[in-house]
Amino acid sequence: MAEAADLARLLRTAGRCVILTGAGVSTESGIPDFRSPTGMWAHYDPMEYATIEAFENDPEKVWSFYSLRYRALTDAEPNDAHRALAELERRGLVSGLITQNIDLLHERAGSRDVIEVHGSIRECVCLSCGRRYGMDEVLRMLEAGEIPRCTSCGSVLKPGVVMFGELLDAASIERAFQLAREARLLLVVGSTLEVQPVAGLTWETVTAGGDVAIVNLGPTAFDHRAKLKIDGTAGAVLREVVELLAA
Ligand code: NAD
Ligand code: ZN
């Protein structure tokens, strides 16, 4: 079975890598992922709470889910995995970090080149008049026990995250695909690689002649084609990789 030393060796050979993270990189910060047995979808049906149709039909209900999530996300702190990935970037070993997460924890841990392909909780938008609201303002409305509404036109605000049924931001996903194509090594951390189009990034890398390495607890859809798979906890594995690379 592959371990941290094998990943450190691959990183040394590749020189630089592109990183792709999913919900599993944030579980050690206390944020549940989606698809594992303790994940969010074990309690909330995504069709009822996370689609753009659900938001358009019943935004109050969708906010009953998001208001809990906002608090969990803003209270969370970066963990060893976020910190190790930021450290790799500081050492010049990373040419971009693509994340499916909306929690801002990579940025808060010090990563600078972050591509948020599913948006983030940084802001909310009014779908009626286009006005944008920062996280602090939205949190104040939630703390007051209100559903966040546009102060100009009164419409319920939509979180700046990509819901199921919505298009991804074109510039972000284009940059992600370009990085994946150019990557000699794509390092995937904490993702089942089941959500498209992000899962397709792995194919982009191998088709262009690069390698994919995976650190994930449990199976992913790309294990059979990966150069290396470490079935382990992101925080501990990546901390060890950073230590090995410093030695
Ligand atoms: P996923 O839930 O499908 O997969 C997460 C994977 O990470 C699972 O295989 C799980 O076993 C593994 N994992 C859990 N804890 C781990 C750990 N400590 N170390 C290593 N692996 C661990 O998540 P996904 O692939 O990111 O796709 C789901 C979607 O969920 C994305 O669209 C993303 O936007 C969204 N999401 C984001 C957050 C967040 O922002 N933190 C949280 C939940 C879901
Ligand atoms: Zn408005």
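The analysis underlying the following values was restricted to heavy atoms, covering all of them including side chains, and did not include hydrogens, waters or symmetry mates. A quick note: this is a predicted structure, and the numbers were derived from the prediction, not measured. Just so you know, ligand 1 is whichever comes first in the structure, and atom 1 is the first atom listed for that ligand. The first residue in the sequence is number 1, and the count goes up from there.
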Determine, for [X] against [Y], whether the closest basic-nitrogen to carboxylate-oxygen distance falls under 4.0 angstrom.
X: Glu166; Y: Lys158; answer: yes
X: Lys61; Y: Glu48; answer: yes
X: Asp113; Y: Arg175; answer: yes
X: Arg122; Y: Glu107; answer: yes
X: Arg91; Y: Glu87; answer: yes

Quiz item: Do any protein N, O or S atoms sit under 2.8 Å from the Zn ion (ligand 2), and which ones are they?
Solution: Cys126 SG, Cys129 SG, Cys150 SG, Cys153 SG
Quiz prompt | Tyr70 and Trp63 aromatic ring geometry - parallel, tilted or perpendicular at 30°/60° bounds | solution = tilted
Distance filter under 4.0 Å to [X] heavy atoms, resulting ligand 1 atoms:
X: Ile31; value: 41 (N)
X: Thr27; value: 14 (C), 15 (N), 16 (C), 17 (C), 18 (N)
X: Pro32; value: 42 (C), 43 (C)
X: Gly232; value: 19 (N), 20 (C)

Quiz prompt | Pair Thr27-Asp33, side-chain donor/acceptor within less than 3.5 Å | solution =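 The criterion, which ignores hydrogens and geometry beyond distance, is not satisfied for Asp33 and Thr27.
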Quick check: [X] and ligand 1, any N/O pair under 3.5 Å apart?
X: Ala234; result: yes
X: Thr233; result: no
X: Leu217; result: yes
X: Arg69; result: no

Practice problem: Please tell me if the side chains of Val62 and Met163 come closer than 4.5 Å, counting only heavy atoms from C-beta onward. | Solution: yes
Quiz item: Using heavy atoms and a threshold below 4.0 Å, how should the contact between His118 and ligand 1 be classified: side chain, backbone, both, or neither?
Solution: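 His118 to ligand 1: side-chain contact only, backbone stays beyond 4.0 Å.
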Quiz prompt | ligand 1-proximal atoms of Ser26, by part, heavy-atom distance under 4.0 Å | solution =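 It is the side chain that touches ligand 1; the backbone stays farther off.
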So which of [options] gets nearest to [atom], if we judge by its closest heavy atom?
atom: atom 5 (C) of ligand 1; options: Gly190, Ala221, Gly22; result: Gly190
atom: atom 22 (C) of ligand 1; options: Gly24, Ala76, Ala23, Gly235; result: Gly24
atom: atom 8 (C) of ligand 1; options: Thr192, Val25, Asn101, Val162; result: Thr192

Quiz item: Ser29 near ligand 1, heavy-atom distance under 4.0 Å?
Solution: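 No, that is not the case, since the closest heavy atom of the residue is not under 4.0 Å from the ligand.
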Quiz item: Do any heavy atoms of Glu28 fall under 4.0 Å from ligand 1?
Solution: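 It does, in that a heavy atom of Glu28 comes within the 4.0 Å cut-off of ligand 1.
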Quiz item: Should Thr192 and Thr220 be marked as a side-chain hydrogen bond (donor to acceptor under 3.5 Å, both in side chains) after you check the CA-CA gap, both sets of side-chain angles, and the distance that decides it?
Solution: CA-CA 4 Å; Thr192 49; Thr220 83; over 6 Å; no
Exercise. Quick one: list whatever passes ring-ring contact (aromatic ring centres under 6.0 Å, His included) with Phe222, sequence neighbours left out.
Key: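 Scan of Phe222 (ring-ring contact (aromatic ring centres under 6.0 Å, His included), adjacent residues dropped) gives Trp203.
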Quiz item: Crowded around Arg108 CZ? As in, over 12 foreign heavy atoms under 6.0 Å?
Solution: yes
Quiz prompt | Closest approach of Pro148 to Val138 (non-hydrogen atoms, all atoms of both residues) | solution =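 Minimum heavy-atom contact is CG-CG1, 3.9 Å.
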Self-check item: Criterion side-chain hydrogen bond (donor to acceptor under 3.5 Å, both in side chains) on Ser64 and Tyr49, from CA distance to verdict
Solution: CA-CA 9 Å; Ser64 72; Tyr49 294 94; 5.2 Å; no
